[in-house]
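Values reported hereafter were calculated over all heavy atoms of this structure, with side chains retained and with hydrogens, waters and symmetry mates removed. It should be emphasised that the depicted structure is a prediction, and the values quoted were computed from it without experimental measurement.
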Amino acid sequence: MRVFTLLVLFIASLSAQTPLRTIDVTGTGTYKTMPDLGILTIEASVVRETFADAVKGLTAKTDQLTAQLQMIGFKKEHIVTTDFSVAQNIVWENSSNVEKGYIARQNISVEFPNTKERIAAIINSFMGSKNDVRFSFQFTLSPERESVVKDELLKRAVADARSRAEVIAASANVKLGTVRTIAYRSQSQPFMPRAAMMKTMAAESAPSGGFDVKELTLTDDVTVVWDIQ
């Protein structure tokens, strides 16, 4: 009985020392899509002699901007403040810093479905406005669209890994066996192209027709390990 036990242990030891025959391949999924969500950010600021007047002036200005956005179809509850600050207004004058009242700043933001017509409507609303502001557009994927794209990226990454593995296996005159492990750590980052920054334009300028937004290119990786025969 003791001899049999030792024999079993010896065979198990040999088996444990046998190196695994595997192939480890990382596949990359690539997906191109148009961003379906636009984000408009408006930067408003006023300078007044007193703190209170600066706040009042900024409030009046943002109320006008909110009304302007409502005129082109945005709902008030969807227009949100992303930044608000009031500070002493320091200017460089006669080779020194001089305090000249207070500057109040506020950024407001609103999201919209990305279409050339919607962009044109926004730009044209500023062309007819007397508000002195800077505004910018950014473009990205809505949560719903992002979920669809991520699923497709993973499918493409796994398919790419298998395709690469089959080429390597054929070149090495071996066959792929069962999948041993799949390792995934998301490589994709929320992608947002460079913003288009603009200032309020003169009312006499020609109406804008909007502009075309650059296509997004997203990638993600999956590593798959197969046994080989």
> Hydrophobic cluster mates of Leu58, side-chain heavy atoms under 4.5 angstrom, ILVMFWY only, any path?
Replying inline: Val46, Phe51, Val55, Phe84, Val86, Tyr102
> Ala161 and Val25: which non-hydrogen atoms are nearest, and at how many Å?
Replying inline: O-CG1, 3.6 Å
>> How long is the straight-line distance from CG of Leu37 back to CD of Glu111, given to the nearest 0.5 Å?
In response: 4.5 Å
> Quick one: does Thr30's side chain get under 4.5 Å of Leu218's, heavy atoms only?
Replying inline: no
> Do you reckon Val158 sits in the same ILVMFWY cluster as Tyr184, going by side-chain contacts under 4.5 Å, direct or chained?
Replying inline: yes
>> Run the side-chain contact (heavy atoms from CB on, under 4.5 Å) test on Val149 and Leu141 for me, step by step, so that the C-alpha distance in whole Å, both residues' side-chain angles and the decisive distance to 0.1 Å come before the verdict.
In response: CA-CA 9 Å; Val149 170; Leu141 300 178; 4.1 Å; yes
>> Enumerate the salt bridge (charged side-chain N to carboxylate O under 4.0 Å, His left out) contacts for residues 47-62, please, sequence neighbours excluded, ordered by first and then second residue.
In response: none
> Knowing that exactly one of Thr81, Asp83, Thr82, Thr59 qualifies, which makes a side-chain hydrogen bond (donor to acceptor under 3.5 Å, both in side chains) with Gln106?
Replying inline: Thr81
Which donor-acceptor pairs under 3.5 Å do the side chains of residues 69-79 make with protein atoms, sequence neighbours left out?
none

>> Let me confirm one number: the CZ-CG distance from Phe137 to Leu40, rounded to the nearest 0.5 Å.
In response: 5.5 Å
>> Does atom CZ (Arg105) have a neighbourhood of more than 12 heavy atoms from anything else shown, all under 6.0 Å?
In response: no
>> Rounded to the nearest 0.5 Å, what separates atom CD1 in Ile42 from atom CG in Asn107?
In response: 9.5 Å
>> Can a donor-acceptor pair be found, under 3.5 Å and without considering hydrogens, that links the side chain of Asp36 to the backbone of Ser142?
In response: yes
>> If you define the side chain from C-beta out and look only at heavy atoms, does anything of Ile108 sit under 4.5 Å from Leu65?
In response: yes
>> Let me check something: do Val179 and Val222 share a hydrophobic cluster, defined by ILVMFWY side-chain heavy atoms less than 4.5 Å apart, either directly or through other members?
In response: yes
>> Holding to side chain to side chain donor-acceptor pair (under 3.5 Å), I want the full list of residues that pass it with Thr26, two or more places apart in sequence or in another chain.
In response: Thr223
> Name the one of Glu146, Glu152, Arg145 that satisfies side-chain hydrogen bond (donor to acceptor under 3.5 Å, both in side chains) with Thr33?
Replying inline: Arg145
> Is it true that the side chains of Asp221 and Thr28 contain a donor and an acceptor less than 3.5 Å apart?
Replying inline: yes
>> Could you measure the distance from the CD1 atom of Ile39 to the OG atom of Ser109? Nearest 0.5 Å is fine.
In response: 6.0 Å
> Heavy atoms, side chains only, cut-off 4.5 Å: are Thr219 and Tyr31 in contact?
Replying inline: no
> Can Phe139 be reached from Met34 by stepping across I, L, V, M, F, W or Y side chains whose heavy atoms are under 4.5 Å apart?
Replying inline: yes
> Would you say Asp160's side chain and Arg156's backbone share a donor-acceptor pair under 3.5 angstrom?
Replying inline: no
> Does the pair Val174 and Arg21 meet the rule for a side-chain contact (heavy atoms from CB on, under 4.5 Å), with working shown?
Replying inline: CA-CA 10 Å; Val174 296; Arg21 287 164 51 85; 4.1 Å; yes
> To the nearest 0.5 Å, how far apart are CZ in Arg134 and CG in Asp132?
Replying inline: 10.0 Å
> If you link I, L, V, M, F, W and Y whenever their side-chain heavy atoms are under 4.5 Å apart, who else ends up in the same group as Val225?
Replying inline: none
>> Between Phe135 and Thr41, does the side-chain contact (heavy atoms from CB on, under 4.5 Å) criterion hold? Intermediate values first, please.
In response: CA-CA 6 Å; Phe135 62 98; Thr41 300; over 6 Å; no
> Under the 4.5 Å side-chain heavy-atom rule for ILVMFWY, direct or indirect, which residues accompany Trp92?
Replying inline: none
> Does Ser171 reach the main-chain N or O of Val167 with its side chain, forming a donor-acceptor pair under 3.5 Å?
Replying inline: yes
>> Please check: side-chain N/O of Asn89 versus main-chain N/O of Lys100, any donor-acceptor pairing under 3.5 Å?
In response: yes
> Any side-chain heavy atom of Leu176 within less than 4.5 Å of one from Arg162?
Replying inline: yes
> Do Phe126 and Gln68 have side-chain heavy atoms sitting under 4.5 Å apart?
Replying inline: yes
>> Between Ser147 (side chain only) and Glu144 (backbone N and O only), is there a donor and an acceptor less than 3.5 Å apart?
In response: no
> Rounded to the nearest 0.5 Å, how far does OG1 of Thr181 lie from CH2 of Trp226?
Replying inline: 10.0 Å
>> Quick one, Asp220 with Lys150, criterion side-chain contact (heavy atoms from CB on, under 4.5 Å). Give me CA distance, side-chain angles, the key distance, then yes/no.
In response: CA-CA 8 Å; Asp220 214 348; Lys150 283 184 175 180; 5.8 Å; no
